[in-house]
*Asks:* 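Following this message is one structure expressed as C-alpha cells.
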Amino acid sequence: MRLSDGKVVGGILIVLGILALVEGRRIYALREQMVAGAVVGDDTFPILVGLALLLLGGAAAFTRLPSVKVTLPQRVERARMLWGAGLLAGYWLILPYLGYTGSTALVSTGLYKAMGGYRWPIATLLGGVTTGLLYLLFRVWLLQPLPTGALGF
C-alpha cells in the first residue's frame, strides 16, 4: 500500500506538532516552578507552533489537495526568492553588529521591497512597524533578551 504525499507530509507535521507540544509542556512545568503566575513564557511559542503543526498536519493528511504542477520559478519570482535568501543571509551576518532592532528594521524593509514589491516609503513604514511589533512581542511581552549591537539596542 502506497501512502499519498499528503498523508506522509501530514504524518510528519503531526509528529513534529506532538514533539513541540511535549517540549512546551516540559518548559511550562519549569516556568510554573520558577515564575509562578506568569501568563506567558518560554513555553508559549512551542505550544502555539505545536498546535499549528497539528492543525496543518491534520488538514494535509485528511483532506484531498488539488493536484499541482510544479515548475521552477522564472525571472521575477526567481529574483525575489534570491533577494529574500540573500537578505536573510545578510541578516545573519549583521545581527551581531547592529543588534536586533537595527538589523531587523533594515532586513524587513529590504524584504518588503524585494519580495513584496512595495515602494521604498511603504516598505520602510512596514519594516518599522514589523520591527516594533516583534520587539514588543519578544522583548516586552515574552521578556526575551534580544541581541544588542554596537548601538546598544
Side-chain angles (χ1 to χ4, degrees), residues 3-28 40-153:
L3 293 174
S4 69
D5 293 342
K7 292 195 183 321
V8 171
V9 169
I12 291 171
L13 291 177
I14 288 172
V15 168
L16 290 174
I18 291 170
L19 290 174
L21 288 175
V22 168
E23 183 64 14
R25 177 72 180 143
R26 188 185 69 79
I27 297 172
Y28 173 77
V40 295
D42 295 344
D43 58 318
T44 306
F45 194 66
I47 289 172
L48 291 176
V49 169
L51 291 174
L53 288 172
L54 284 178
L55 288 173
L56 291 173
F62 300 114
T63 59
R64 187 176 185 94
L65 300 175
S67 64
V68 177
K69 182 181 178 190
V70 178
T71 59
L72 292 175
Q74 302 293 321
R75 297 181 167 217
V76 175
E77 291 84 12
R78 183 185 317 165
R80 286 181 174 175
M81 292 174 68
L82 290 174
W83 270 105
L87 285 166
L88 291 176
Y91 185 60
W92 175 70
L93 290 172
I94 65 172
L95 184 64
Y97 304 104
L98 289 182
Y100 171 78
T101 307
S103 57
T104 301
L106 276 176
V107 171
S108 62
T109 299
L111 285 172
Y112 280 116
K113 175 67 179 160
M115 294 185 73
Y118 294 102
R119 293 176 164 199
W120 279 112
I122 300 297
T124 304
L125 175 68
L126 291 173
V129 169
T130 300
T131 302
L133 290 175
L134 289 174
Y135 186 86
L136 286 174
L137 174 68
F138 288 109
R139 185 68 190 120
V140 175
W141 189 40
L142 296 175
L143 301 175
Q144 296 298 307
L146 298 174
T148 58
L151 302 176
F153 58 90

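This structure is a prediction, so every number in the text was calculated from the model and none was measured. Just so it is clear, the values below take in all heavy atoms, side chains as well, and ignore hydrogens, waters and symmetry mates.
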*Asks:* Rounded to the nearest 0.5 Å, how far apart are CG of Leu93 and CG of Leu98?
*Replies:*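 Answer rounded to 0.5 Å: 11.0 Å.
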*Asks:* Can you name the nearest heavy-atom pair linking Leu111 to Leu88, along with the distance?
*Replies:*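 Result for this residue pair: CD1-CD2, 4.2 Å.
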*Asks:* Does the side-chain contact (heavy atoms from CB on, under 4.5 Å) test come out yes or no for Tyr118 and Leu125, once each step is laid out?
*Replies:* CA-CA 10 Å; Tyr118 294 102; Leu125 175 68; over 6 Å; no
*Asks:* Distance from Leu137 atom CG to Thr44 atom OG1, nearest 0.5 Å?
*Replies:* 9.5 Å
*Asks:* So how far is it from Arg78 CZ to Leu72 CG, rounded to the nearest 0.5 Å?
*Replies:*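 With rounding to 0.5 Å, CZ (Arg78) is 7.5 Å from CG (Leu72).
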*Asks:* Give, for atom CG of Leu21 and atom CG of Asp43, the distance between the pair rounded to the nearest 0.5 Å.
*Replies:*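 Interatomic distance, Leu21 CG to Asp43 CG, rounded to 0.5 Å: 11.0 Å.
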*Asks:* Considering non-hydrogen atoms only, spot the tightest contact between Leu87 and Val107 and give its length.
*Replies:*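 Answer, listing the atom of Leu87 first, then Val107: O-CG1, 3.8 Å.
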*Asks:* Can you confirm whether the side chains of Thr124 and Tyr112 place a donor and an acceptor under 3.5 Å from each other?
*Replies:*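 Short answer, no.
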*Asks:* Less than 4.0 angstrom from a charged side-chain N to a carboxylate O is my criterion; do Glu23 and Arg26 meet it?
*Replies:* yes
*Asks:* Kindly compute the distance separating CG (Leu95) from OG (Ser103), expressed to the nearest 0.5 Å.
*Replies:* 4.0 Å
*Asks:* Let me confirm one number: the CG-OG1 distance from Leu126 to Thr131, rounded to the nearest 0.5 Å.
*Replies:* 10.5 Å
*Asks:* Tell me whether the count of non-hydrogen atoms from other residues, nucleotides or ligands lying under 6.0 Å of OH in Tyr28 goes above 12.
*Replies:* no
*Asks:* For Leu106 and Tyr91, run side-chain contact (heavy atoms from CB on, under 4.5 Å): C-alpha distance rounded to whole Å, both residues' side-chain angles, the deciding distance at 0.1 Å, then the answer.
*Replies:* CA-CA 8 Å; Leu106 276 176; Tyr91 185 60; over 6 Å; no
*Asks:* Inspect the surroundings of CG in Leu19 and state if more than 12 heavy atoms from other residues, nucleotides or ligands are less than 6.0 Å away.
*Replies:*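 Atom CG in Leu19 is crowded, with more than 12 foreign heavy atoms closer than 6.0 Å.
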*Asks:* Decide yes or no for Leu136 and Trp141: does some side-chain heavy atom of the first lie under 4.5 Å from some side-chain heavy atom of the second?
*Replies:*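 The answer is no; the side chains never approach within 4.5 Å.
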*Asks:* Taking all non-hydrogen atoms of both residues, which atom of Pro46 and which atom of Ala20 are closest, and how far apart?
*Replies:*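 For Pro46 versus Ala20, the nearest heavy atoms are O-CB, 3.6 Å.
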*Asks:* Do the non-hydrogen side-chain atoms of Ile12 and Val8 ever get within less than 4.5 Å of each other?
*Replies:* yes
*Asks:* Taking the side chain as every heavy atom from C-beta outward, state whether Ile14 and Leu53 have any atom pair closer than 4.5 Å.
*Replies:* no
*Asks:* Of all the heavy-atom pairs spanning Lys113 and Arg119, show the shortest one and how long it is.
*Replies:*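 Nearest pair, atom of Lys113 first, then Arg119: NZ-CA, 4.3 Å.
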